[in-house]
S.K.: 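Here's a structure for you.
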There are 2 protein chains.
Amino acid sequence: MSNEKPKEYLGIREIAKLAHVSPSTVSRVINSPERTSEEVRNQVNAVIKKYHYIPNQLAKNLFSKSSNAIAVFIHDMTNAYFMLLLKELSRLAFEQKYTLLTCNINNSQVEQEYLDYCQSIRTKGIIVVDGPFTDLYKHTPPSIKLVSFDRVMDSWNHSSVTANQLQGIDLVLEHLVGLGHRKIAYAADKWKSYGANTRKHAYQQLIGWKYNLPYREDYVGYFECAIPCGLDIVNYYMSLPDPPTAILCTNDTMAIGVLMGAQHLGLKVPEDLSIVGFDGLNENFSFPKLTTVKQDYHQIARHLFDNIVDPVKAAQVHHDVVDVSLSIGQTTGPAKR
Amino acid sequence: MSNEKPKEYLGIREIAKLAHVSPSTVSRVINSPERTSEEVRNQVNAVIKKYHYIPNQLAKNLFSKSSNAIAVFIHDMTNAYFMLLLKELSRLAFEQKYTLLTCNINNSQVEQEYLDYCQSIRTKGIIVVDGPFTDLYKHTPPSIKLVSFDRVMDSWNHSSVTANQLQGIDLVLEHLVGLGHRKIAYAADKWKSYGANTRKHAYQQLIGWKYNLPYREDYVGYFECAIPCGLDIVNYYMSLPDPPTAILCTNDTMAIGVLMGAQHLGLKVPEDLSIVGFDGLNENFSFPKLTTVKQDYHQIARHLFDNIVDPVKAAQVHHDVVDVSLSIGQTTGPAKR
DNA sequence: TTGAAAGCGATACCAC
DNA sequence: GTGGTATCGCTTTCAA
């Protein structure tokens with residue numbers, strides 16, 4: 001009777017034995033084949049192939065003291081724009097043989113636990129997307145690179161990537177003012193994310209300072225949700241004594257809600273009301289095509305990624321600001337007289 | 001001069017030395033404190049806390065021959081329903097101390113590479129969501145549990161979770177027929193996912209077999225995209241010689257597109273046209289509230305997860321079918337006479 | 001209750 | 001060009 005239990009996975013020693021060489025040689029065939037003779041190499045490769053040998057990454061990780069992982073901390077996995085970003089990050093990571101860990105953060109306790117976990121597996125870096133102010137990251141070891149997107153952390157002593165929100169709002173206002181609008185409202189979301197807040201401030205500043213339009217408190221509304229309260233948003237603005245002729249929404253999802261609400265009320269868009277979004281989710285994601293500010297997620301993802309994996313870039317703290325562009329659709333038109 | 005380079009991470013030996021005990025004791029204090037004396041335990045814990053010692057998970061993994069990870073293979077990260085599912089899976093994984101690896105699959109080569117990687121890190125299981133037929137998983141070692149959702153693989157020799165699509169379509173048809181509709185169209189997506197295909201077949205069968213309505217080829221359209229082609233979809237159906245009075249869409253996103261298209265054409269919903277979706281994305285994600293079939297993602301996620309981590313359940317192949325329910329909104333009403 | 005030592009599986013240094 | 005061997009950091013018998 002044999003005591004050999006059939007192993008599920010073969011190790012490098014087994015392969016070595018089967019190929020009549022030493023483990024070191026097998027390792028070399030895999031990692032620096034140029035340092036092995038062709039004969040031995042073929043022989044070993046044959047065995048590897050025959051037994052479908054897959055090196056144990058767990059051992060590699062221990063030896064290299066790194067899991068080659070990059071974590072993404074996301075606070076709102078249902079936000080379509082962040083998902084686009086995540087997808088792109090996923091592509092980049094795969095391309096460069098990194099593992100992407102998606103961490104859904106609900107609260108700061110979860111955040112802390114994930115942070116500890118990232119340290120315990122010697123993560124290369126953490127991409128922190130959105131979320132409230134925090135100082136949890138204060139004591140993160142320097143070997144873990146931190147990059148934030150749309151979020152302010154305890155200090156700016158780590159890298160960040162942001163879309164140029166001021167530029168975006170400016171482009172929108174320029175476009176609307178050019179169409180004759182002078183009554184431009186801003187619909188903000190109640191949960192004040194960093195990005196949304198920045199946009200609101202940009203609106204507030206530019207409207208008076210650059211475009212010489214009166215800033216009206218009643219034109220800035222805070223709304224709880226996205227699509228479903230579209231009707232409420234339109235109702236709110238339209239029942240003002242002096243209703244706006246254009247509504248700038250803090251993101252595309254809200255804009256779509258407002259669009260649906262307006263249509264439901266029988267308002268013609270853009271004849272009766274112009275609507276603008278923010279994100280540029282997807283060229284093909286709204287109908288009628290929304291006028292919106294496009295934040296190039298390819299570029300944003302690339303910057304986030306490079307701040308972690310590019311040794312030159314990762315060596316210093318960077319604050320990348322990505323240009324945005326205005327995508328003019330069918331929801332904006334000349335102001336109603 | 002000292003040759004000591006300041007280590008970024010302390011190891012269990014350092015902690016042991018600082019606490020004047022052996023590494024074994026430190027390990028015990030962490031993993032089975034009941035087997036240590038209170039005095040030693042406090043002493044060691046104090047040191048652990050003081051130096052913020054985080055055990056190296058990489059070493060643990062090697063020893064335990066497992067990364068305690070569960071992979072999710074997703075083919076369409078921008079599909080809102082899958083994201084909801086992913087979020088819930090993420091929650092479950094965190095709760096039970098598993099690591100969730102989100103793998104975005106673009107093609108079968110990527111899929112194969114991820115599969116190899118999952119083996120190399122001794123993944124506990126893989127949740128395969130959506131995607132075309134494949135036989136890539138044929139040789140997956142039995143220690144990696146496979147569970148699919150909305151996908152057919154080479155054999156049904158692995159577990160699966162599916163929503164009861166037939167039931168869903170039945171509920172919809174019952175609802176519509178009850179409202180007097182006899183001309184019910186089905187808008188399918190061109191990219192035939194398993195789930196969408198099943199629904200289409202259910203429609204095809206039930207319409208004639210159970211509801212005694214004629215099955216018309218021209219009532220089943222295949223459309224490329226979701227929201228933006230909503231107008232095209234409505235145009236197509238409305239220009240038929242005998243247009244339908246209700247359109248059942250293969251998912252909620254498409255339904256919203258159709259809704260917007262209909263409104264754009266000046267059609268009243270539901271007076272002129274009833275619209276039904278499928279997914280039940282989110283109670284609060286459409287306006288007017290869409291009538292749709294809700295697939296309970298909490299339950300689906302739970303089943304998927306248990307098929308991997310619950311030892312009893314994971315020991316056998318299961319095919320869980322999850323009940324769906326009809327959520328009646330404002331987009332369906334009595335058929336136009 | 002505690003400590004010493006072997007090993008998890010791959011790598012890289014150092015001889016040959 | 002190839003093979004022996006210590007090593008990564010932790011866990012776990014086995015002795016004391």
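Chain identifiers are assigned alphabetically (A, B, ...) following the order of the sequence lines, protein sequences preceding nucleic acid strands; residue numbering begins at 1 within each chain. Worth knowing before you read on, the calculation uses all heavy atoms, side chains too, and leaves out hydrogens, waters and symmetry mates. Model, not experiment: these values are computed from the prediction.
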S.K.: How are the rings of B:Phe305 and B:Tyr98 set relative to one another: parallel (under 30°), tilted (30 to 60°) or perpendicular (over 60°)?
M.R.: perpendicular

S.K.: Rounding to an integer number of Å, can you tell me how far A:Arg35 CZ sits from D:dT2 P?
M.R.: 11 Å

S.K.: B:Glu8 has an atom CD; how far is it from atom C1' of D:dG9, in whole Å?
M.R.: 16 Å

S.K.: Provide the full list of side-chain hydrogen bond (donor to acceptor under 3.5 Å, both in side chains) pairs with a residue in residues 52-61 of chain B, sequence neighbours left out, each pair given once.
M.R.: B:Gln57-B:Asn61

S.K.: Quick one: B:Leu58 CG to D:dC10 P, roughly how many Å, whole number?
M.R.: 10 Å

S.K.: Within the 4.5 Å heavy-atom criterion, are B:Val309 and B:Lys124 side-chain neighbours or not?
M.R.: no

S.K.: Find the distance A:Asn61:CG to C:dC8:P and express it as a whole number of Å.
M.R.: 18 Å

S.K.: For the helix from C:dT1-D:dA16 to C:dC16-D:dG1, what angle separates the axis at the start from the axis at the finish, each from five pairs, in steps of 10°?
M.R.: 40°

S.K.: Let me know the distance between CD of B:Glu39 and C1' of C:dT2, rounded to the nearest Å.
M.R.: 13 Å

S.K.: Side chains of B:Thr36 and B:Arg41: donor-acceptor distance under 3.5 Å anywhere?
M.R.: yes

S.K.: Whether A:Ser37 contacts D:dT2 is assessed here as follows: a side-chain N or O lying under 4.0 Å from the phosphate OP1 or OP2. Is that the case?
M.R.: yes

S.K.: Roughly how far apart are B:Lys145 NZ and B:Lys313 NZ, rounded to 0.5 Å?
M.R.: 13.5 Å

S.K.: Quick one: B:Ile15 CD1 to D:dC10 P, roughly how many Å, whole number?
M.R.: 9 Å

S.K.: Can a donor-acceptor pair be found between the side chains of A:Glu113 and A:Gln109 at a distance below 3.5 Å?
M.R.: yes

S.K.: Would you mind reading off the distance between A:His20 atom NE2 and D:dG1 atom P, rounded to a whole angstrom?
M.R.: 22 Å

S.K.: When the distance from CG of B:Leu62 to P of C:dA6 is rounded to whole Å, what number comes out?
M.R.: 17 Å

S.K.: State, with a plain yes or no, whether a side-chain heavy atom of B:Tyr137 is found less than 4.5 Å away from one of B:Glu111.
M.R.: yes

S.K.: Would you say B:Thr25 places a side-chain N or O within less than 4.0 Å of OP1 or OP2 belonging to C:dT2?
M.R.: no

S.K.: Base contacts versus sugar-phosphate-only contacts with protein, heavy atoms under 4.0 Å: please encode nucleotides 10-16 of chain C as B, S and - from 5' to 3'.
M.R.: BBB----

S.K.: Tell me, yes or no, whether the heavy-atom count around B:Glu95 atom CD, taken from other residues, nucleotides or ligands under 6.0 Å, exceeds 12.
M.R.: yes

S.K.: What orientation do B:Phe149 and B:Phe82 show, parallel under 30°, tilted 30 to 60°, or perpendicular over 60°?
M.R.: perpendicular

